Asks: 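Handing you this structure, nothing more for now.
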Amino acid sequence: MHLLLVDGSGYIFRAFHALPPLNRKSDGLPVGCVQGFCNMLFKLTQDMDGDDAPTHMAVIFDAKGKTFRDDIYPLYKAQRPPAPEELIPQFPLTRSATRAFSIPSIEMEGWEADDIMATYACMARKAGFKVTIASSDKDLMQLVEPDGSIRLLDTIPRPGQPPLRWIGPDEVFTKFGVTPDKVIDVQALCGDSVDNVPGVPGIGVKTAAQLITEYGDLETLLSRAEEIKQPARRQKLVDNAELARISKRLVTLEQQVPVEIDLDGLIRQPMRPSALFPFLKAMEFNTITKRLATLLEANPDDFEPDATLAANTDTPVPGAPQRSTSLSVAKAKLAANMVPGSGPARHAAEEHARVKAIPVNYDSYETVTTPEALEAWVKKIIDKGLVAVDTETTGLDPQQADLVGICLSTEFGEGCYIPVGHRKSGDMFEGGEGLVEGQLPIREVLDTLRPVLQDKAILKIGQNVKYDMEVLTRYGITLAPIDDTMLISYALDGPRYNGMDVLAEHWLNHKTITYSELAGTGKNQKTFDQLEIAEAARYAAEDADITLRLWHVLKPRLSAENVTTLYETIERPLAPVLARMEARGITVDRQILARLSGDFAQRAAAFEAEAHELAGQSFNLGSPKQLGEILFDKMGIEGGTKTKTGAWATGADVLEGLAAKGIPLARTIVDWRQLTKLKGTYTDALPNYINPRTGRVHTSYSQASVLTGRLSSNDPNLQNIPVRTEDGRKIRTAFVAPEGKTLISADYSQIELRVLAHIADIQALKDAFEEGLDIHAMTASEMFNVPVEGMPSDVRRRAKAINFGIIYGISAFGLANQLGIERGVAGEYIKTYFERFPGIKDYMDAQKARVKADGHVMTIFGRKIQFPNANSGNPSERSFVERASINAPIQGSAADIIRRAMIRMEPELKKAGVEADMLLQVHDELIFEVPEGTEDQAIPVIKKVMEGAAEPAVRLTVPIQVDAHAAKNWDEAH
DNA sequence: CCTGCCCCATA
DNA sequence: GTATGGGGCAGGA
């Protein structure tokens, strides 16, 4: 028994590249490839004839669409150009050709041809077959068997070489330097630039083969990577272990594809003139027709050309065996990836168990107070190639806090604390005087550690490393490269377990010492420099120890759960970018804010007096409770609603309603609230955030707080600076460029609607964006049959609300509230919208189904957004999850896009020779500071980076538009 | 002094 | 209808 498997897709591309480009038949259909394909197929069967002729045969093709490999690594084969246009109609024709030759043609959605071939080869070998795979694809070399039961056959003509070249174990060894069973391990390390398999950067086939030969296999190599002598090579492997594991999964062929045809279905059939000649004649392949006519002793004139083949169809050839029609099997997830017992998942589980089993031992921690001890730690770090680092400081503001100590750990269960800034508790007014004795001088410690902290070959692991980076930057140390357990956890599980204490509790079942236990709480809480060194050391060294443990638990999960790409391409590189933005800060004009505060205070006081007058009594306008009682109890206004705790609702929408009903007090309160809000939250608060050292305001971005992947900003929050009202915008005028500089604001136009159009594949929306239309007006025109020209503003406003509603997972209830209309009317609007844009409903239903089935939805860049209560018994909770699951991929994909833009921005600006400092991010907007007069150089670069940020990982099917303006303050630049 | 609630600023 | 952070009030320590 002998099975011949033909790599059909390989044959097509070979035919395409080997033959003169445009060979068309008389009706213009390009068929050059089909012709080449037929010739090669025919020649192969002729060449294989003889004593050892195949008894079974099939041609296997790649199916359209994604495979499980795209889930593992979205960049897989990402840089492949799309198939040439003239090739596209020829794909189905090659299937028809195969069937015309009475050979089964097999392809399955969700799998590559290689997987199907691997499956058949494996099946056949077990059944005692000999297997030949006609392909020169090196990825198939992993299937070669030492006993010769599976071989490849390379039939590409090469000058000076025999037409048929067998590839057995020896040939594989020549190519990869290892036996066939180790080929995947080698490929995992060296990668493949053609298919975009990453491998370990900087490791080629030779090095890979040498490493695998020495360590036996990939997993052993990775677990013992720290033993490698060459520092650079060791570091590459330690850093990129997960990438290697991913690569291995990408190159490993699946041998368990659920094929529908068994081996008996592949028994060779004689060529049948009734199948063959109608096809060949339709294709107008005269030469091969003649040759086959001779061979089969048939007369082609007895057959009519198959008319169905004149067009571009995949109609089966009449008379061809039924079983050989193409298969289309629904994409199924590979069992191997789901089972916890398999490769990366098992590795992750084992690491978790190993780390968890070792209890925290505070006695094992060391306090470093001598140069010798410090040197010993440096040596340990160099030997190990990685270190967990944590800094202890006097406060929480990374732009102000002073360094008090550094903790390190190279081996979990161990750790040290290096105190450098503990102060004596001297007189209480000065807050202490002088350093506690017995600490190494801070300069000496930093100078000793600097080489390892900046060493490219030593990985620094931290929890919320951005903080430590900012502190250390102020002491002249650039911490790099880094890994961050908080960000790894965020990439895996979202913001669910933020904070090291929660992570330690959850993953290690260990309660860490809390800072309150150590330093007290409230206004008497000690700052870190006031703590006893011995006490501080336990807490601090534990931080480093736990961080390293968490890293060992969490890092392997990245590859086991297909999150490596997200982490490596978005989260990890973003942290240093944010650190620099925070360090730069932005100039805020104190005078402007002070003037505004005065103005707002005066006007608010007038409103307050007016309100007391109208209410007929004095009361606290800031108390919703008192206000509600006055409006609805004392004044007896009808129609008030209660909040869920039973208090009167007095929100702005309620008050607007009352004002419209002719209650002047309501309007007065709204106006008063607006002014006091602006004053309290902005004009009074912001000046307190001006850093005395830099004279600027430094917000802090949280990279790991938001479910959808957005950033959040706090202390102060610079992502909610007012913009909608005139008074509000005045606050923006206080955000200024310093002398000699200009601000640039660049914002994505309608990014979320564009993302929606792409994800949900809504042609009407895409067309509108392509044509640069006013999207809300277009929607209004579609929905209400009103021409865009001269459209009343209220019609557009309604459409705009609906568009936003769609993004938010619309409900009739919510839309009615927003527009102040009846529920029923809102329901009709939604119905009409779904009719006009039918794909939207499909998208929404798909997300709802997905979140129920998987417990998560995904952005286009593979960020998973978890909804643990997707199947909650509580109906309102469930509806909430449904709406959020509709919104999350849209908001999240947009968030991923701007994150990618931010990561690329600095290098691209530098490359373009443009000096521009990125200062702020406000979800769809980036703010820069540039030297005055260079705006026109900076803006095009900024726009280009932002507009192209999705590429090449995702090719968006809508244009992305960024608007950018320059001015001296944020209000005018926006 | 801490916490929950209400309200409101942004995308 | 989505996602946040923060100020002020009120109530319970």
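These numbers come from a predicted model, not from an experiment. So that the names make sense, note that chain A is the first sequence line, chain B the second, and so on, each numbered from 1.
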Asks: Assuming nearest nucleotide by heavy-atom distance, tell me which of A/T708 and A/N714 is located more 5' along DNA chain C.
Replies: A/T708
Asks: From CG of A/D684 over to C1' of C/dG6, roughly how many Å is that when rounded to an integer?
Replies: 14 Å
Asks: Ignoring backbone atoms, test whether A/R710 places a side-chain nitrogen or oxygen under 4.0 Å from the OP1 or OP2 oxygen of C/dT4.
Replies: no
Asks: So A/S713, base contact, sugar-phosphate only, or nothing? Heavy-atom distance under 4.0 Å.
Replies: sugar-phosphate
Asks: Establish, with yes or no, whether the OP1 or OP2 oxygen of C/dC9 is under 4.0 angstrom from a side-chain nitrogen or oxygen of A/N620.
Replies: yes
Asks: Tell me if the side-chain of A/K625 makes a donor-acceptor pair with the base of C/dC9, cut-off 3.5 Å, by modelled atom types.
Replies: no
Asks: Under 6.0 Å from the CZ atom of A/R496, do we count more than 12 heavy atoms belonging to anything else shown?
Replies: yes
Asks: Give the nucleotide from the list C/dG7, B/dT10, C/dT4 with an atom nearest to the side chain of A/L707.
Replies: C/dT4
Asks: From the options B/dT10, C/dT2, C/dG6, select the nucleotide whose nearest atom is closest to the side chain of A/K677.
Replies: C/dG6
Asks: Is the charged tip of A/K642 near the ring of A/W648: under 6.0 Å from the six-membered ring centre and within 45° of its axis?
Replies: yes
Asks: Please determine if a side-chain N or O atom of A/R724 lies less than 4.0 Å away from the OP1 or OP2 oxygen of B/dA9.
Replies: no
Asks: When you check the side-chain N and O atoms of A/D896 and A/T859, is any donor under 3.5 Å from an acceptor?
Replies: yes
Asks: Categorize A/A649 for me: base, sugar-phosphate, or nothing, with a 4.0 angstrom heavy-atom threshold over every strand shown.
Replies: sugar-phosphate
Asks: A/S712 side chain N/O closer than 4.0 Å to the phosphate oxygens (OP1, OP2) of C/dG5?
Replies: yes
Asks: Salt bridge between A/R732 and A/E972, side-chain N to carboxylate O under 4.0 Å?
Replies: no
Asks: Heavy atoms from C-beta onward define the side chain here; which of B/dA11, B/dC6, B/dA9 lies closest to that of A/V922?
Replies: B/dA11
Asks: Tell me if the side-chain of A/Q719 makes a donor-acceptor pair with the base of B/dT10, cut-off 3.5 Å, by modelled atom types.
Replies: no
Asks: Given C/dG7, B/dC1, B/dA11, which nucleotide is nearest the side-chain atoms of A/T681?
Replies: C/dG7
Asks: Return the nearest nucleotide to the side chain of A/P722; candidates are B/dT10, C/dG1, B/dC7.
Replies: B/dT10
Asks: Taking the minimum atom-to-atom distance to the side chain of A/K523, which one of B/dC7, B/dC1, B/dT10 wins?
Replies: B/dC1
Asks: Check every atom of B/dT10, C/dG1, B/dC6 against the side chain of A/T645 and return the nucleotide holding the closest atom.
Replies: B/dC6
Asks: When the distance from OH of A/Y701 to C1' of C/dT4 is rounded to whole Å, what number comes out?
Replies: 13 Å
Asks: Would you indicate which nucleotide in C/dG1, C/dG7, C/dG5 comes nearest to any side-chain atom of A/S705?
Replies: C/dG5
Asks: Does a sphere of radius 6.0 Å around CD in A/Q525 hold more than 12 heavy atoms from other residues, nucleotides or ligands, not counting ones at 6.0 Å or beyond?
Replies: yes
Asks: Once you round it to whole Å, what is the distance between C1' of B/dC7 and NZ of A/K679?
Replies: 18 Å
Asks: Cationic tip of A/R798 within the cone over A/F784's six-membered ring, i.e. under 6.0 Å and within 45° of the normal?
Replies: yes
Asks: Under 4.0 Å: is that the gap between some side-chain N or O of A/T643 and OP1 or OP2 of B/dC5?
Replies: no
Asks: Over how many whole Å does the gap from A/N887 atom CG to B/dA11 atom C1' extend?
Replies: 11 Å
Asks: Within this structure, what is the CH2-to-C1' distance between A/W648 and C/dC9, rounded to whole angstrom?
Replies: 19 Å
Asks: Under 4.0 Å: is that the gap between some side-chain N or O of A/S623 and OP1 or OP2 of C/dA10?
Replies: yes
